[in-house]
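What follows is a set of notes on a single structure, which appears directly below.
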2 protein chains.
Amino acid sequence: MSGASEPQGIQGAFRALSDPTRRGILMFLSEQDMTIGEVSERFEITRAAVKKHLTILEQGKLISVHARGRERINHLEPRALKSVSDWLRYFDQYWDNRLAKLQDVIERQEQNKSKSTK
Amino acid sequence: MSGASEPQGIQGAFRALSDPTRRGILMFLSEQDMTIGEVSERFEITRAAVKKHLTILEQGKLISVHARGRERINHLEPRALKSVSDWLRYFDQYWDNRLAKLQDVIERQEQNKSKSTK
DNA sequence: TTATAATAATACCAAAAGGTATTATGTCAA
DNA sequence: TTGACATAATACCTTTTGGTATTATTATAA
């Protein structure tokens, strides 16, 4: 009833991405890690509202948070974004078969590479 | 205040994708076009609830709807999914530089190809 | 040690989302 | 033309979301 055949955890990522403020936060965090205060400076909403967005991003595993003294550093976690990207990749075939095939080839190369590193 | 530097319309797509039922509907529609009734058979919620999801998918331009007699045919529109995929591609660099570079090359080939067809 | 700055935690509110139930409308087939 | 069926349109309810305001904590610096 809740996304049977989907990779676990992807719902949290999609949910987190559904808000434009949160997508903006991800963009900022891609440039550098930030405290809640630094993120808040870049938006016109209250710090508490920003904190809620950061919590949802953390629940979706799109960011991680580490304490540093009295501050909390928010850090981008790109792997969860990759899981969303992978979900979308299924539809590649519907907009461009050639691109999909090339990406398949690349994926296989990646797999072989990680096997040989083991 | 509402996603300043984002491509127009992407919010509707992200919103539509944030619900697991809607993602399931997209999967089914990728196999074949369906009426509301056919979609409803595949879920345990009422037809009216399915209709609401289809409306949100249509608003996000992820599907199109065409009347055929007394039925309404729902059809997958992959281009909007591509816009989401493109947004995510920005983050490729953070999880795998090699893959990102290869994709850049592919994109450029696509651009040249479409130029030469004009 | 104490004032201050950064963050957390509540409590609260309005609006949107997700759903059901019910009623209306339009179209096909006999 | 009329009955049945597919869909549309409302109305209504509950839960979640996005936000503010206010009140704790907690750690650093003087």
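The figures here come from the full heavy-atom set of this structure, side chains too, leaving out hydrogens, waters and symmetry mates. So that the names make sense, note that chain A is the first sequence line, chain B the second, and so on, each numbered from 1.
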For the pair B:Asp86 and B:Lys82, find out whether any cationic side-chain nitrogen is under 4.0 Å from an anionic carboxylate oxygen. yes

List the steps and the verdict of side chain to side chain contact (heavy atoms under 4.5 Å, CB included) for B:Leu62 and B:Leu26. CA-CA 8 Å; B:Leu62 271 62; B:Leu26 290 180; 3.6 Å; yes

What's the CD-P distance between A:Glu71 and C:dA5, to the nearest Å? 13 Å

Looking at B:Arg15, does any N or O in its side chain come under 4.0 Å of the phosphate oxygens OP1/OP2 on C:dA16? no

Verify the neighbour count for atom CZ of B:Arg42: are there more than 12 heavy atoms of other residues, nucleotides or ligands below 6.0 Å? yes

Test B:Leu29 against B:Met34 for side chain to side chain contact (heavy atoms under 4.5 Å, CB included), laying out the working first. CA-CA 7 Å; B:Leu29 291 184; B:Met34 289 184 189; 3.8 Å; yes

B:Gln11 CD to D:dT17 C1': how many Å, rounded? 13 Å

For atom CD1 of B:Ile45 and atom C1' of D:dT14, their distance in whole Å: 16 Å

B:Glu58 side-chain N/O to B:His53 backbone N/O, donor-acceptor pair under 3.5 Å: no

Check each residue of residues 30-42 of chain B for a non-hydrogen atom within less than 4.0 Å of any atom in DNA chain C, then write out the ones that pass by number, or none. none

What's touching nucleotides 3-5 of chain D from the protein side, N or O pairs under 3.5 Å?
residue, atom, partner, partner atom, Å
D:dC5, O2, B:Arg70, NH1, 3.4

Could you check how far NE2 of A:His66 sits from P of C:dT7, rounded to whole Å? 15 Å

How many whole angstroms separate atom CZ of A:Arg68 from atom P of C:dA5? 19 Å

Testing the 3.5 Å rule here: is there a donor-acceptor pair between the side chains of B:Ser64 and B:Glu77? yes

Check DNA chain C against residues 46-59 of chain B and give the residues with a non-hydrogen atom under 4.0 Å, in numerical order. B:Thr46, B:Ala48, B:Ala49, B:Lys52, B:His53, B:Ile56

Parallel, tilted or perpendicular: which describes the rings of B:Phe14 and B:Trp87, with under 30° parallel and over 60° perpendicular? perpendicular

Using 30° and 60° as the class boundaries, would you call the ring planes of B:Phe43 and B:Phe28 parallel, tilted or perpendicular? perpendicular

Whole-Å distance, B:Asp19 CG to D:dT15 C1', equals 14 Å

Please state whether the phosphate of C:dG18, meaning OP1 or OP2, lies under 4.0 angstrom from any side-chain nitrogen or oxygen of B:Arg22. yes

Side chain B:Ser85, main chain B:Leu81, donor-acceptor under 3.5 Å: no

Linking I/L/V/M/F/W/Y whenever their side-chain heavy atoms sit closer than 4.5 Å, directly or via other members, would B:Val65 and B:Leu54 fall into one cluster? yes

B:Val84 versus B:Leu17: any side-chain heavy-atom pair under 4.5 Å? yes

Taking CG from B:Leu17 and C1' from C:dG18, how many angstroms apart are they, rounded to a whole number? 17 Å

